[in-house]
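Predicted model only: the values in this text are computed from it and were never measured. Naming: A, B, ... by sequence-line order, numbering from 1 per chain.
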2 protein chains.
Amino acid sequence: MLRDFQSVLKKLHLKVTPKRLAILEVLKNESVYLSPEEVWRKLRKQFSQVGLPTVYRNLEELAQGNVISKVTHPNRQLYYYFCLNPSHHHHFICLSCRTVEDIDFCMFRELEKRVKQELKGRVVSHILQVNGLCKKCLKKDGGSHA
Amino acid sequence: MLRDFQSVLKKLHLKVTPKRLAILEVLKNESVYLSPEEVWRKLRKQFSQVGLPTVYRNLEELAQGNVISKVTHPNRQLYYYFCLNPSHHHHFICLSCRTVEDIDFCMFRELEKRVKQELKGRVVSHILQVNGLCKKCLKKDGGSHA
DNA sequence: GTATTAATAGAAATGGTTTCTATTTATATT
DNA sequence: AATATAAATAGAAACCATTTCTATTAATAC
């Protein structure tokens, strides 16, 4: 669906540059979310000359365009991960291995109702981040994590 | 409940200092969440000598001790607000005036069930932040916000 | 009252992120 | 294919919220 990067970029009026494509490839091939610097380190294996600002700029543009998603980690660094699913959903993030999985679950209606009833307010958006331990990590170490 | 700051601090093994108390007073008297720097500016009205690092340190300690709560804003600055309610709940944040209201609502059980069933994982914690417009702001401007 | 330990001020360092400018590159047009 | 144009990039430098460091001060226990 979002696999055709060329057309995705064109829709967003972003030029199709080798580095832009490479960033998307890097994220596509990860089931784990990466920091901008981690993306940059992987990029440098292909391109000897690539600036960290370029990575930041691209990640931000792609996140704005909903091609990738952003996770805010407790330590205040921003991490990005690739997100093929364009429908509204939430993420389950493994605290141990950083794997990201989609949760086809959303309580927007419920929230909207209660905010309207109880607070007389209106919901515009919501952020739900579910932290936990994934299948693999539960098996591996029974769930020890920092 | 948490109004007796002295005993709250003692329970957390934090010394009862004038500035610590003043920080709590500042936050208690706000229904809006404040950035560390905003807290600092208010503190300086009482104390001519007070360092920003002191504010940061105290806010972090108090947040660790669950006396206050932290909100991460989209612009990546951390904001803090005072939170008297010690039970698990979530927050409704007005995008226009930054008012914070509690939502006595939690879908932990639901999440836990689905993550277990569908992903074979375990939920450790979750963050739910509900952004919207409060009663007052809806009246005032019909909901225009940045 | 004294000892002990935490808390603080102020300066300095840190480090992730952004800005700036000249240069390069993708794309539309011819 | 050649050219025009507007976007993208590298690299250096700036930014700025946050943290660290050290000497000093203040709160608490005894």
Q) Using a heavy-atom distance cut-off of less than 4.0 Å, which residues of residues 11-25 of chain A contact DNA chain D? A)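 Of all residues in residues 11-25 of chain A, the ones placing a heavy atom under 4.0 Å from DNA chain D are A:Leu14, A:Lys15, A:Thr17, A:Lys19, A:Arg20.
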
Q: May I ask you to check whether A:His91 and A:Tyr81 place their ring centers less than 6.0 Å from one another?
A: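 Between A:Tyr81 and A:His91, which both carry aromatic rings, the centre distance is below 6.0 Å.
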
Rounded to the nearest 0.5 Å, how far apart are [atom1] of [X] and [atom2] of [Y]?
X        : Y       : atom1 : atom2 : value
A:Glu101 : A:Ser31 : CD    : OG    : 8.5 Å
B:Arg41  : B:Leu52 : CZ    : CG    : 10.0 Å
B:Ile68  : B:Lys28 : CD1   : NZ    : 15.0 Å

Integer-rounded Å distance: [N] [atom2] and [X] [atom1]:
X       : N      : atom1 : atom2 : value
A:Tyr56 : D:dA10 : OH    : C1'   : 16 Å
A:Gln6  : C:dT27 : CD    : P     : 8 Å
A:Phe47 : C:dT24 : CZ    : P     : 18 Å
A:Leu52 : D:dG11 : CG    : C1'   : 11 Å
B:Lys10 : C:dA7  : NZ    : P     : 14 Å
A:Phe5  : C:dA26 : CZ    : P     : 18 Å
A:Leu9  : D:dA8  : CG    : P     : 10 Å
A:Glu60 : C:dG16 : CD    : P     : 17 Å

Within the structure, does a side-chain N or O atom of A:Arg57 lie under 4.0 Å from either OP1 or OP2 of D:dA8?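 No, because none of the side-chain N or O atoms of A:Arg57 sits under 4.0 Å from OP1 or OP2 of D:dA8.
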
Original post:
Taking OP1 and OP2 of C:dT8, is either one under 4.0 Å from a side-chain nitrogen or oxygen of B:Gln49?
Top reply: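 No, outside the criterion.
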
| field | Cationic N near anionic O, under 4.0 Å, A:Glu38 to A:Arg98 | value |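 Salt bridge between A:Glu38 and A:Arg98, a charged N being under 4.0 Å from a carboxylate O: yes.
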
Review point. Is it true that A:Glu60 and A:Arg57 have a side-chain N and a carboxylate O under 4.0 angstrom from each other?
Key: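 So A:Glu60 does not pair with A:Arg57 through a salt bridge.
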
| request: Verify the distance criterion only: is there a donor paired with an acceptor across the side chains of A:His126 and A:His90 at less than 3.5 Å? | output: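 Yes, A:His90 and A:His126 have a side-chain donor paired with an acceptor closer than 3.5 Å.
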
Cut-off 3.5 Å, side chains only: do A:His89 and A:Asp104 have a donor facing an acceptor?
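No, because no side-chain N or O of A:His89 sits under 3.5 Å from a partner of the opposite role on A:Asp104.
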
> Using rotation axes that map the C1' atoms of four end pairs onto the next four (five pairs an end), what angle separates the end axes of the helix from C:dG1-D:dC30 to C:dT30-D:dA1, to 10°?
Replying inline: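 Axis-to-axis angle, ends of the helix: 50°.
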
Can you identify which nucleotide, out of C:dG16, D:dA8, D:dA10, has its nearest atom closest to the A:Glu61 side chain?
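The nucleotide sitting nearest to the side chain is D:dA8.
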
Between A:Pro53 and B:Thr54, which residue's closest nucleotide on DNA chain C lies nearer the 5′ terminus?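 Checking each residue's closest nucleotide, the 5'-ward one belongs to B:Thr54.
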
Could you check B:Gln129 against B:Ile93 for side chain to side chain contact (heavy atoms under 4.5 Å, CB included), going step by step and ending with a plain yes or no?
CA-CA 8 Å; B:Gln129 194 172 302; B:Ile93 289 158; 3.5 Å; yes

